[in-house]
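A quick write-up on the structure given underneath.
Being a predicted model, the structure only gives us computed values, none of them experimental. Reminder, nothing fancy here: chain letters follow the sequence lines and each chain counts from 1.
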There are 2 protein chains.
Amino acid sequence: MAAENKKQDKREAILNAAENLFAKHGYDGVTLRAIAKEAGVDVALANYHFGPKRDLFDAVLLRRAQILNSWRLEALEATVQKAAPNPPEVKDIIRAYFEPLFKRSQVQEPGWKSYYALIAYVNSSPEWGGTLMTQFFDPMIHRFLAVLKTALPGVPDKSVYWGYHCLSGALTLAFAQTGRIDHLSNDLCKSDDLPDACDYIVDFVAAGFSDMIAASEKEAATL
Amino acid sequence: MAAENKKQDKREAILNAAENLFAKHGYDGVTLRAIAKEAGVDVALANYHFGPKRDLFDAVLLRRAQILNSWRLEALEATVQKAAPNPPEVKDIIRAYFEPLFKRSQVQEPGWKSYYALIAYVNSSPEWGGTLMTQFFDPMIHRFLAVLKTALPGVPDKSVYWGYHCLSGALTLAFAQTGRIDHLSNDLCKSDDLPDACDYIVDFVAAGFSDMIAASEKEAATL
DNA sequence: TTACGTCTTCAACAATTGTTGAAATTCTAG
DNA sequence: CTAGAATTTCAACAATTGTTGAAGACGTAA
């Protein structure tokens, strides 16, 4: 099995180096030579394995996307089944969305952390946020939103979508791990302590959604 | 006064072009030649007015930062005074933080929209998020957090800071205007309708903070 | 070993990058 | 109007960019 690894050694090394550097400096901030140097290979090898630079970028994104989607769908369906035939609690749905990202042992590896930062870069980029995220994550997210709606009867769709926008923004900024919250809070909060961030974000976001139920009941009462 | 404008015409044109392009493609995705072309001037002129590329980037950020800070501090102090001697309501504080960004007539100009997208880029960049945001916006934000804490008695600081992180993430993603929410919601929500986004985000975020009070009272009761 | 297909490196390309010094133009004060 | 300063353009630089074709090294099966 060491031989099996050896065979695709350099290919993986290129993906790892690209993942790390793209996450830190963005697509245009990274040269193929920088990637090759970090991976310990020649410049031309990246092109041999992945074609042009842009295709390497896509390959990096794709590598972990499916894994992530399956983890989260798994957690979501488990939550649905546990509560059946009733809809799950809002907070349990939110938890199923967040915890697979942060609470598995694997995701503490630097590779996953880089990948998360890369997702943050892509999701908040006007150039790619609208298209690439859709391409890789939409089916999972639509399932999530569908379940969420069952837990939010009477809440207008528009509120749910903007709520998801808030959720996604909070998650994206956590992914970015910029160190800004560290500064602001005098190191009370650490932006690279993702499991800790997860707990607080889940509570905050769940409250935002739960409040919609109260608001829509109030709305209905006034009619 | 037209002459007064004429004098700094090209300088401003360079700032506008740089703002627009940096917001769309990031720092490394933009060349000085692209900026010069969009501004209708020679490449060398950018260097003459602003020095190296990096300094031009800072100049773009700085131009509107002070204006923004003063608008928001003004709204915040008005909210504080109105409620005095009691602390303001959580939702009113959140409103004071968001509405100056979206509800003034000026900020519907494309220039401001580009600036917001640029802030989104900076804030979610691991390279600059930790330092540049601190440099330009920290005093205003610390004042905001101080007022927020008066409205959240008994809530642990850590919850407040992570709550601010969620708020900032939601705001940042709205700033980015990636069009993603449009896709997800079948155009029910439009990511470039910032005033609309503002209303929903304010409600969502205010609920997240308000829930902390209930949670901390519950916590206290069990001790 | 031999031969062959895959993987990797080497060397070089045309294009583009940020920056600069000198020339040309415009503005302004006397 | 004129001299001098500020602004703007022109032309060119060395360095770096993504990409490519040929040459070399490697693994594998006969």
Item to check | Annotated protein contacts, base or backbone, on nucleotides 17-22 of chain D with a non-hydrogen cut-off under 4.0 Å, one of B, S, - each | outcome: BBBB--
Which side-chain N or O atoms in residues 42-50 of chain A pair as donor and acceptor under 3.5 Å with protein atoms at least two apart or in another chain?
residue, atom, partner, partner atom, Å
A:D42, OD2, A:A44, N, 2.9

Next on the checklist: Can you list everything that forms a salt bridge (charged side-chain N to carboxylate O under 4.0 Å, His left out) with A:K37? Sequence neighbours excluded, please.
Outcome noted: none
Checklist entry - So, is B:H49 near the phosphate of D:dA6, with a side-chain N or O under 4.0 Å from OP1 or OP2? => result no
Tabulate below the donor-acceptor pairs under 3.5 Å that side-chain atoms of residues 94-112 of chain A make, not counting sequence neighbours, or state none.
residue, atom, partner, partner atom, Å
A:Y97, OH, A:Y164, OH, 3.1
A:K103, NZ, A:D199, OD1, 2.9
A:Q108, NE2, A:F102, O, 3.0

Checklist entry - Nearest-Å distance, CZ (B:R11) to P (D:dT8)? => result 10 Å
Checklist outcome for this item: Rounded to whole Å, CG of B:D9 lies from C1' of C:dT26 at a distance of 14 Å
Item to check | Atom pair distance, as rounded to whole Å: CG in B:D28 and P in C:dT16 | outcome: 18 Å
Next on the checklist: Centroid separation under 6.0 Å, is that true for the rings of A:F57 and A:F22?
Outcome noted: yes
Checklist entry - Over how many whole Å does the gap from A:I35 atom CD1 to C:dT9 atom P extend? => result 15 Å
Checklist entry - Just how far, in rounded Å, is C1' of D:dT8 from CG of B:L45? => result 6 Å
Checklist outcome for this item: Residues passing the salt bridge (charged side-chain N to carboxylate O under 4.0 Å, His left out) test with A:D138, sequence neighbours excluded, are B:R180
Next on the checklist: Going by salt bridge (charged side-chain N to carboxylate O under 4.0 Å, His left out), name the pairs with one or both residues in residues 23-32 of chain A, residues two or more places apart or in two chains.
Outcome noted: none
